[in-house]
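First comes the structure, then the notes that go with it.
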Amino acid sequence: MYILAIETTGAFASVALMKDDELIGHIQGNDRFSHLQNLMPQVEQVTKDNQLQISDIDAVAVSCGPGSFTGIRIGVSSARALSQILDIPCAAVSSLEALAMRAAGSDDGVLVCPILDARRSQVYGGGYYLQDGFPVEVIKAGAYTIEEFLDKVSEHEQILLLGDAVDTCIDKISQIRPYGTRTAAENIRYQDAVTVAELGRRLLSETGGLKYYEVRPDYMRIAEAERKLREKQAQQKD
């Protein structure tokens with residue numbers, strides 16, 4: 001079974017290809033937020049590198065969010081199109097859970113905490129323990145201020161932080177929680193399609209996957225433009 005995985009919720013688009021439980025292809029983009037230009041060429045390249053046609057793909061896994069709203073839309077719409085055209089199942093993967101899996105091999109007892117920059121002084125975050133390399137949610141995934149999130153994990157002695165919010169919030173994190181906090185090395189800190197493929201494979205084996213029209217973005221909050229529109233409409237009503 002060939003599974004194509006797509007990750008576009010972060011700054012760099014990436015794709016991965018698995019044959020059964022073996023990773024056989026991986027391409028990581030180098031251009032920040034150039035998903036629209038780079039994603040499909042990456043898909044074509046990873047299949048070509050393995051002497052495959054796109055029609056050989058049996059399932060597609062996609063990171064549905066949270067993360068970059070534009071990136072999510074590109075990834076989900078691309079996965080839906082492939083799923084529909086090829087008539088293959090799709091696995092909708094949480095970007096936070098897939099990112100947490102990048103910390104596989106960390107010390108036992110460490111709470112793995114992916115946090116993504118949500119702007120407006122918020123992060124998208126969750127807390128997970130890894131069992132056999134897969135995430136078990138301990139802190140509910142959601143949109144938090146960094147203060148709210150650190151309060152959520154305050155009972156845990158050791159936490160490991162991943163994600164781009166580490167870069168934007170590190171000073172405040174250090175002030176609030178100077179002890180028991182580690183940050184992941186840069187080579188595993190950000191989203192990547194490899195763990196999207198691994199988690200997607202598990203979801204496909206457990207559920208059989210989704211139809212293309214069942215795959216939906218997980219923005220975790222409304223877009224800035226929609227928020228402003230709602231505020232404007234509320235003001236007009238007043």
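Note: hydrogens, waters and symmetry copies are ignored here, and every other heavy atom, side chains too, is used.
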To check you understand the geometry: which heavy-atom pair defines the closest contact between C169 and V123, and what is its length?
SG-CG1, 4.1 Å
Expected output: side-chain S83 to main-chain A79 donor-acceptor under 3.5 Å:
no
Counting distance only, does the side-chain N/O of T181 pair as donor-acceptor with the main-chain N or O of P178 below 3.5 Å?
no
Candidate pair L17 and I57, rule side-chain contact (heavy atoms from CB on, under 4.5 Å), full reasoning:
CA-CA 9 Å; L17 185 63; I57 300 301; 3.6 Å; yes
Salt bridge or not between E44 and K48? Use side-chain N to carboxylate O under 4.0 Å.
no
When you look at CD of E157, are more than 12 heavy atoms from neighbouring residues, nucleotides or ligands closer to it than 6.0 Å?
no
If you measure from CZ on R80 to CZ on R216, what distance do you get to the nearest 0.5 Å?
6.5 Å
4.5 Å side-chain heavy-atom contact, L4 and V46:
yes
Please determine, by modelled atom types, if S14 and E7 share a side-chain donor-acceptor pair under 3.5 angstrom.
no
I146 and I115: which non-hydrogen atoms are nearest, and at how many Å?
CD1-CD1, 4.2 Å
For a 4.5 angstrom cut-off between non-hydrogen side-chain atoms, does I173 reach F149?
no
Measure the OG-CG distance between S94 and L203 for me, rounded to the nearest 0.5 Å.
10.0 Å
Linking I/L/V/M/F/W/Y whenever their side-chain heavy atoms sit closer than 4.5 Å, directly or via other members, would V43 and V76 fall into one cluster?
yes
Quick one: CD1 on I72 to OH on Y219, what's the gap to the nearest 0.5 Å?
6.5 Å
Check whether D20 reaches the backbone of E22 with its side chain - one donor and one acceptor, N or O, closer than 3.5 Å.
no
For the CD1 atom of I6 and the OG atom of S77, what is their distance to the nearest 0.5 Å?
9.0 Å
Do P135 and L130 have side-chain heavy atoms sitting under 4.5 Å apart?
yes
So, D49 versus Q45: side-chain donor-acceptor pair below 3.5 Å or not?
yes
Closest non-hydrogen atoms of L199 and F134, given as atom of the first, atom of the second and distance, are CD1-CD2, 4.0 Å
Considering all heavy atoms of both residues, which atom of G126 and which atom of P114 are nearest to each other, and what is their separation?
O-CD, 3.2 Å
How about D56 and T47: do any of their side-chain heavy atoms sit closer than 4.5 Å?
no
Run the side-chain contact (heavy atoms from CB on, under 4.5 Å) check on T145 and S121 step by step: do they pass?
CA-CA 6 Å; T145 65; S121 301; 5.5 Å; no
Exactly one of T9, D164, T8 clears side-chain hydrogen bond (donor to acceptor under 3.5 Å, both in side chains) with Q191, and that residue is T9
Where do L23 and V194 come nearest, in terms of heavy atoms and distance?
CD2-CG2, 4.0 Å
Can you tell me if D58 uses its side chain to pair, donor with acceptor, with the backbone of Y2 under 3.5 Å?
yes
Is the side chain of R189 donor-acceptor paired with the backbone N or O of A184 at a distance under 3.5 Å, no angle test?
yes
For A98 against V93, the heavy-atom pair lying closest together
CB-CG1, 3.9 Å
One should read off an interatomic distance between E198 CD and R102 CZ, to the nearest 0.5 angstrom, of 9.5 Å
When hydrophobic residues are tied together by side-chain contacts of less than 4.5 Å, even through go-betweens, does V15 share a cluster with M40?
yes
Are the side chain of R177 and the backbone N or O of V153 linked by a donor-acceptor pair below 3.5 Å?
yes
L86 and V215: same hydrophobic cluster, using ILVMFWY side-chain contacts below 4.5 Å?
yes
To the nearest 0.5 Å, what is the distance between NZ (K19) and CG (L52)?
8.5 Å
For E206, look at atom CD and say whether over 12 heavy atoms of other residues, nucleotides or ligands are found less than 6.0 Å away.
yes
